[in-house]
Amino acid sequence: MADAQLPVKDDVKAVLLQTDETFRQLVTEHQTLDQRIHFFDTFAHLSDQQHYEQLALKKQKLALKDRIEAMMRHSPVARASAPRA
């Protein structure tokens with residue numbers, strides 16, 4: 001059943017990316033954090049400072065993901081495409 005809702009979620013995201021500047025900025029920042037986190041993954045060993053920074057980046061990325069998901073859930077586009085009971 002979750003698979004049936006993925007296209008709706010993708011559609012909502014696509015519309016928000018085209019129409020909502022704040023949403024677009026959040027997604028861009030999320031992608032930037034992801035790249036920085038993966039940069040640390042290229043090291044064989046992280047210093048304590050690098051490890052701390054990587055953990056902080058992961059927390060920031062997760063917080064952004066939560067904001068992005070909330071915007072998608074509360075979007076008029078999501079409400080309009082929600083299945084009727």
Side-chain angles (χ1 to χ4, degrees):
M1 173 160 282
D3 291 338
Q5 293 186 15
L6 284 178
V8 171
K9 186 176 178 181
D10 290 343
D11 291 346
V12 171
K13 185 174 182 178
V15 170
L16 287 173
L17 283 170
Q18 292 177 355
T19 61
D20 191 314
E21 180 62 28
T22 301
F23 184 81
R24 201 169 25 253
Q25 289 174 348
L26 291 174
V27 170
T28 300
E29 187 175 347
H30 184 269
Q31 292 169 341
T32 301
L33 289 173
D34 190 50
Q35 291 171 351
R36 291 178 62 195
I37 291 166
H38 286 297
F39 170 74
F40 285 111
D41 290 339
T42 64
F43 290 81
H45 175 74
L46 295 177
S47 69
D48 289 342
Q49 178 63 31
Q50 289 168 328
H51 180 71
Y52 176 79
E53 184 177 348
Q54 185 183 39
L55 288 175
L57 292 171
K58 286 180 178 182
K59 288 179 183 180
Q60 290 174 8
K61 182 181 165 197
L62 185 57
L64 281 173
K65 180 180 178 186
D66 289 344
R67 288 180 64 193
I68 290 167
E69 292 289 332
M71 286 183 76
M72 289 173 59
R73 270 193 313 276
H74 297 13
S75 163
V77 177
R79 288 192 296 270
S81 59
R84 306 284 180 206

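The analysis underlying the following values was restricted to heavy atoms, covering all of them including side chains, and did not include hydrogens, waters or symmetry mates. The shown structure was predicted, so the numbers you read here are calculated from the model rather than taken from an experiment.
Under the 4.5 Å side-chain heavy-atom criterion for ILVMFWY residues, a single connected hydrophobic cluster contains both L17 and M72. In the hydrophobic clustering of ILVMFWY residues, with side-chain heavy atoms under 4.5 Å counting as a link, F39 and I37 come out together.
Applying the ring pair (Phe, Tyr, Trp, His ring centres under 6.0 Å) criterion to Y52, with sequence neighbours excluded, gives no partner residue. Looking at residues two or more places apart in sequence or on another chain, you find a side-chain contact (heavy atoms from CB on, under 4.5 Å) between L46 and F40, F43, Q50, H51, Q54.
Among residues at least two apart or in separate chains, side-chain hydrogen bond (donor to acceptor under 3.5 Å, both in side chains) pairs with a member in residues 56-68 are D34-K61.
With values rounded to the nearest 0.5 angstrom, Q25 atom CD is found 11.5 Å from L64 atom CG. Between the CD atom in E53 and the CG atom in D48 there is a gap of 13.0 Å [rounded to 0.5 Å]. Within the model, atoms CG of L62 and CG of L33 stand 11.0 Å from one another, a figure rounded to the nearest 0.5 Å. Distance check: L16 CG to D11 CG gives 11.0 Å after rounding to the nearest 0.5 Å. The distance from the OG1 atom of T28 to the CD atom of E21 is 8.0 Å, given to the nearest 0.5 Å.
Using a distance-only test at 3.5 Å, with no hydrogens or angles considered, no donor-acceptor pair links the side chain of S75 to the main chain of M71.
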